[in-house]
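We count ligands from 1, going down the list as the structure has it; atoms in each ligand are counted the same way.
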Amino acid sequence: MIDPSSKLSRRSLLAGMVAVPALAPAAVAAERPAARSAEEVQAALKDARDTKLVLLGTGGGPVPGRSRLMTSHVMLSHGAAYVLDCGMGVTNQYARTGIPFSALKSIFITHHHADHNIEYGPLLIVGWIQGMHPDVRAFGPPPLKQMTEDFMRAYRRTIDFWAEDFHMTPLGSVGVQEVTAAGPVTQDDNVKVSAVVVAHPPVKPALGYRFDFKDRSIAFSGDTAPSDAVVKIAKGADVLVHEVMYVPAVEKYVKDQIAKGRPVKYEPYMAHMKADHTPLEEVGRIANEAGVKTLVLSHVVPAIDSISDNTWRAGAATHFKGEIIVGKDLMVL
Ligand SMILES: [Zn+2]
Ligand SMILES: [Zn+2]
């Protein structure tokens with residue numbers, strides 16, 4: 001078993017993987033909450049006076065066609081909306097929350113993998129058509145500025161046709177602030193945002209973020225191997241949204257994919273997963289070390305529905321005794 005006091009070493013990481021029984025039914029009793037409908041989300045947000053977090057997409061990896069969409073979130077505080085990550089589906093999911101596009105204030109990108117940024121450009125353009133203010137700002141690792149300019153250039157004609165037709169001011173671009181290192185990112189009347197650099201090779205930098213609203217603090221691990229930087233930025237937070245990987249199921253999933261003819265090799269694939277992502281039990285340890293109140297498991301890998309909520313929750317509960325929420329798309333927290 002793992003010594004809870006040990007550091008997040010590679011040894012404990014591997015030990016954690018071995019300690020998780022393959023798809024075993026877990027002892028912790030809990031019901032599986034259904035994904036919410038758009039109406040339920042809108043009702044939950046309608047009269048909210050406190051800051052809300054909506055999980056828009058909770059599946060890890062750039063895989064289409066699943067019941068869990070790729071990673072994205074929106075936080076709503078005093079009528080202002082902050083989007084974190086733009087996996088495929090973010091625009092539609094945002095719309096389903098009923099938050100007007102005119103409320104979108106800032107977009108944050110953790111790192112440049114497709115399951116986190118592929119719908120960044122489309123969110124801007126469809127958002128603009130739907131009433132987004134041109135002073136929306138974007139934050140993320142380089143080359144976010146260049147990517148934004150290139151995307152706008154690619155869609156210039158599309159933007160201009162629409163602007164001409166509907167007598168709108170064409171979307172020029174959006175202000176981008178690149179984040180290259182740990183520290184404060186931005187601040188406004190609602191929130192103070194800071195970042196840390198996490199471990200997600202070869203992506204550099206890959207970021208975790210913390211949002212300190214007046215009533216609530218919410219930290220995000222981003223994609224990372226077990227990282228002390230996440231412990232640091234999540235210290236004492238009300239909520240930690242952490243990526244999570246259930247290793248026995250990843251191993252089985254990869255073997256199945258190879259059997260189906262997908263051109264990947266088992267050893268390099270698993271080596272990548274172990275160097276880049278956090279096994280379930282380690283997530284619990286990190287939440288415990290950070291002393292957060294609530295742990296939200298998201299960016300679940302593999303994002304397959306046959307892994308029960310109990311299995312996810314029990315693995316994290318080995319080291320974390322606070323509230324554990326198994327993230328589902330359109331969950332309002
Ligand atoms: Zn990812
Ligand atoms: Zn990634």
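Classification of the Tyr94-Phe101 ring pair by plane angle, with boundaries at 30° and 60°, yields tilted. Taking the six-membered ring where tryptophan is involved, the planes of Phe108 and Phe139 are essentially parallel, since the angle between them stays under 30° and well short of 60°.
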Could you walk me through whether Asp85 and Thr110 pass the side chain to side chain donor-acceptor pair (under 3.5 Å) test, one step at a time?
-> CA-CA 6 Å; Asp85 278 341; Thr110 58; 2.9 Å; yes
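Neighbours of the Zn ion (ligand 2) restricted to protein N, O or S atoms under 2.8 Å: the count is 4.
Ser37 places a side-chain N or O within 3.5 Å of a backbone atom of Glu40 that can act as its donor or acceptor partner.
One finds a salt bridge joining Asp150 and Arg153 here, because a Lys/Arg side-chain nitrogen approaches an Asp/Glu carboxylate oxygen to under 4.0 Å.
In terms of distance to the Zn ion (ligand 1), the nearest N, O or S atom of His299 is named NE2.
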In residues 255-272, what donor-acceptor pairs under 3.5 Å come from side-chain atoms, sequence neighbours left out?
from   : atom 1 : to     : atom 2 : distance (Å)
Asp256 : OD2    : Lys252 : NZ     : 3.2

